[in-house]
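Everything below concerns the one structure shown next.
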Amino acid sequence: MTIGPRTFLLVLVVVACSSGNTTNPAPVSCVGGTDATRIPINDLGQSCYLEFRGGLYLEGSNVLSGAHLEAGRAAAAQIRPLDVNGQPSASGKYVLLSIGMSNTTQEFCNDGAQARTCLSPGFMAQAAADPAVNHATLVLVNGAAGGKAAPSWFGTAGDTEYDRIRTTWLTPLGLSEQQVQIAWVKVANPGPTTRLPNANADAYVLEGQLGQIARALKMRYPNLRQIFLSSRIYAGYATTTLNPEPYAYENAFSVKWAIESQIAQMAGGTAGARTGDLNYDTGMAPWLAWGPYLWAAGTSPRSDGLTWVTTDFAPDGTHPATSGRQKVGAQLLTFLKTSPVTSCWFLAGQICPGP
């Protein structure tokens, strides 16, 4: 074909990349090819990191939609004040519980203590100071603890974390496990060694562990309706092998795929090969969704302006310093105040509409 001076040839290149939902994921179309550059997945969209499409949700989207959004709204409508026996009560409470590791406890509560002693600038202190937040029936409980990697939350024989939460936090506050109805989960594993796209990548291992944790939480807290998952903050300044890049970045794909696994199963598919059964209709697991996505490429602003600078971190470059804890707390607070599946129970004076 001859190309004249006023004729242009448009070539669209579509590269197959993986959704990551199964042991042998089927290829999906990927705009712009694949790239090993770590771009925040909420900015990645239809493009791919290595073989894997971006976006927090399906098809490169960052927005809850369709049946999963409606299921999230239905789960929110079930959240209500309960007494310690799990019965509806006008004088009852419902608990938002954090689950995770050292970063999680520092970001949720800063000093790892309870609402009555949490210091600024963690999430709990920011929420306590915000008059828009429901301070009447919502109770924030920091269940996360330092050194508690993902397997600490499997709920298997010998695990003591859920007992610790009950005896150290819930009971002294006059609460019970029956009143825990929402969880923020942010977990990781120390010392990762295998990156994507290796078939044994740590991101795949964590995806499966998130499924185990979701089922363990539902078993321990029978009235748990919603789990919001967040992945790790930036680790490009890390000075140790605890959890450096690219593993902090790839942690987000574990979260993304666990949520997609539940969506696919509830749409008529089978249980995920890695995550296992996440059917919320049968009570195997609560409804899962993203909480705030926290990773940004260091000082390069992502689309919403979030950055991470060295002073946001402790000397190890992994744990958040005061300003880093403030950033995560603010992200979580904004998410809970504005999400269509949280604002009705998180904000004062709101009522979650019934089905």
For the [atom1] atom of [X] and the [atom2] atom of [Y], what is their distance to the nearest 0.5 Å?
{"X": "Lys256", "Y": "Asn251", "atom1": "NZ", "atom2": "CG", "value": "14.0 Å"}
{"X": "Ile182", "Y": "Ile227", "atom1": "CD1", "atom2": "CD1", "value": "11.5 Å"}
{"X": "Phe123", "Y": "Phe108", "atom1": "CZ", "atom2": "CZ", "value": "5.0 Å"}
{"X": "Lys93", "Y": "Leu82", "atom1": "NZ", "atom2": "CG", "value": "12.0 Å"}

Any non-hydrogen side-chain atom of [X] less than 4.5 Å from a side-chain atom of [Y]?
{"X": "Ile233", "Y": "Lys186", "answer": "yes"}
{"X": "Phe253", "Y": "Tyr204", "answer": "no"}
{"X": "Ile39", "Y": "Tyr49", "answer": "no"}

Tell me whether [X] contacts the main-chain N or O of [Y] through its side chain, where contact means a donor paired with an acceptor under 3.5 Å.
{"X": "Ser61", "Y": "Leu58", "value": "no"}
{"X": "Glu245", "Y": "Ala235", "value": "yes"}
{"X": "Ser254", "Y": "Ala203", "value": "yes"}
{"X": "Asn142", "Y": "Gln106", "value": "no"}
{"X": "Gln212", "Y": "Ala216", "value": "no"}
{"X": "Gln179", "Y": "Val95", "value": "no"}
{"X": "Thr171", "Y": "Arg166", "value": "yes"}
{"X": "Lys218", "Y": "Gly283", "value": "no"}
{"X": "Gln226", "Y": "Val341", "value": "yes"}
{"X": "Arg164", "Y": "Gly143", "value": "yes"}

Can you say whether the rings of Trp345 and Tyr94 are parallel (under 30°), tilted (30 to 60°) or perpendicular (over 60°)?
-> perpendicular
Measure centre to centre between the rings of Trp308 and Phe313, then say whether the value is under 6.0 Å.
-> yes
Answer yes or no: is there an ion pair linking Glu250 with Arg38, defined by an N-O contact shorter than 4.0 Å?
-> no
Is there a path from [X] to [Y] through hydrophobic residues (I, L, V, M, F, W, Y) whose side chains come within less than 4.5 Å of each other?
{"X": "Ile99", "Y": "Met284", "value": "no"}
{"X": "Phe335", "Y": "Ile41", "value": "yes"}
{"X": "Trp287", "Y": "Val185", "value": "yes"}
{"X": "Leu217", "Y": "Leu140", "value": "yes"}
{"X": "Trp257", "Y": "Tyr247", "value": "no"}

Measure across Gly317 and Thr239 and return the closest heavy-atom pair with its distance rounded to 0.1 Å.
-> N-OG1, 4.5 Å
Please report the closest heavy-atom contact between Ala145 and Thr105, naming both atoms and the distance.
-> N-CB, 4.0 Å
Which one of Leu294, Thr318, Val255 satisfies the side chain to side chain contact (heavy atoms under 4.5 Å, CB included) criterion with Arg232?
-> Thr318
Quick one: do the [X] and [Y] side chains pair a donor with an acceptor below 3.5 Å?
{"X": "Asp43", "Y": "Ser303", "value": "yes"}
{"X": "Asn223", "Y": "Gln181", "value": "no"}
{"X": "Asp277", "Y": "Gln265", "value": "yes"}
{"X": "Ser323", "Y": "Asp312", "value": "yes"}
{"X": "Trp295", "Y": "Ser231", "value": "no"}

